[in-house]
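Here is the structure we will look at.
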Amino acid sequence: MILSQKEQYQEQLSGIFQALADPTRRAVLARLGLGPASISDLAAPFDMALPSFMKHIHLLEGSGLIRTHKEGRVRTCALEKKPFATVEGWLSSQRALWEGRTDRLEQFVTTAHDKEEPR
């Protein structure tokens with residue numbers, strides 16, 4: 001099945017926001033913001049079994065937010081910047097849309113108030 005570019009973009013955004021929806025995954029991303037880290041270092045603060053933690057890592061990797069590579073017995077994770085730029089672009093367009101709407105609402109309310117007859 002061939003998806004249009006817009007559909008692929010929407011799927012990518014959905015995957016990213018799904019990944020960001022979980023506090024464990026957000027904490028992992030915050031830690032990776034400081035630099036690459038091994039899976040065991042990332043898992044240490046969480047009270048969960050490694051297989052459960054790995055589900056979070058796989059989801060983050062599948063969304064494109066992180067990449068992993070294995071060197072010897074150590075798997076290291078690092079942030080991928082491009083998906084964050086995609087989210088920033090989407091948020092910027094939403095911000096512009098909603099700022100325009102609130103500006104028009106403010107103008108409407110101000111105009112309506114000015115047209116009211118004094119009592």
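All heavy atoms count here, side chains included; hydrogens, waters and symmetry mates do not. Throughout, residue positions are numbered sequentially from 1 according to the sequence presented.
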Worked verdict on S92 versus E88 for side chain to side chain donor-acceptor pair (under 3.5 Å)
CA-CA 6 Å; S92 292; E88 178 58 32; 3.2 Å; yes

Taking all non-hydrogen atoms of both residues into account, name the closest pair between S63 and G15 and its distance.
CB-O, 3.6 Å

Any donor-acceptor pair under 3.5 Å linking the side chain of R25 with the backbone of I57?
no

Those residues that, when tested against T110, pass side-chain hydrogen bond (donor to acceptor under 3.5 Å, both in side chains) (two or more places apart):
none

Listed pairs under 3.5 Å, donor-acceptor, residues 72-80 side chains, sequence neighbours left out:
from: R75; atom 1: NH1; to: T68; atom 2: OG1; distance (Å): 3.1
from: E80; atom 1: OE2; to: R67; atom 2: NH1; distance (Å): 3.1

Decide yes or no for D22 and H56: does some side-chain heavy atom of the first lie under 4.5 Å from some side-chain heavy atom of the second?
yes

Nearest 0.5 angstrom please: L50 CG to K55 NZ, how far?
12.0 Å

Close side-chain approach of T111 to Q107, heavy-atom, < 4.5 Å:
yes

Is I39 reachable from M48 through a run of hydrophobic residues whose side-chain heavy atoms are each under 4.5 Å from the next?
yes

Not counting sequence neighbours, which residues clear side-chain hydrogen bond (donor to acceptor under 3.5 Å, both in side chains) with Q94? List them please.
none

Are L59 and V28 connected in the hydrophobic side-chain network, where two residues link if heavy atoms are under 4.5 Å apart?
no

Single-linkage hydrophobic cluster F53~L32, side-chain heavy atoms < 4.5 angstrom:
yes

Contact check, side chains of L65 and L20, non-hydrogen atoms, under 4.5 Å
yes

When rounded to the nearest 0.5 angstrom, what is the spacing between CD in E11 and CG in L13?
10.5 Å

Nearest heavy atoms of A37 and R31, plus distance in Å:
CB-NH2, 3.4 Å

same_hphob_cluster(L29, L91) at 4.5 Å side-chain heavy-atom cutoff
yes

Rounded to the nearest 0.5 Å, what separation is found between the OG1 atom of T86 and the CD atom of Q12?
4.5 Å

As an exercise, state the distance from CG of L105 to CH2 of W98, rounded to the nearest 0.5 Å.
10.5 Å

Please determine whether the number of non-hydrogen atoms from other residues, nucleotides or ligands lying under 6.0 Å from atom CD of E71 exceeds 12.
no

Side chain to side chain, F84 and I16, heavy atoms closer than 4.5 Å
no

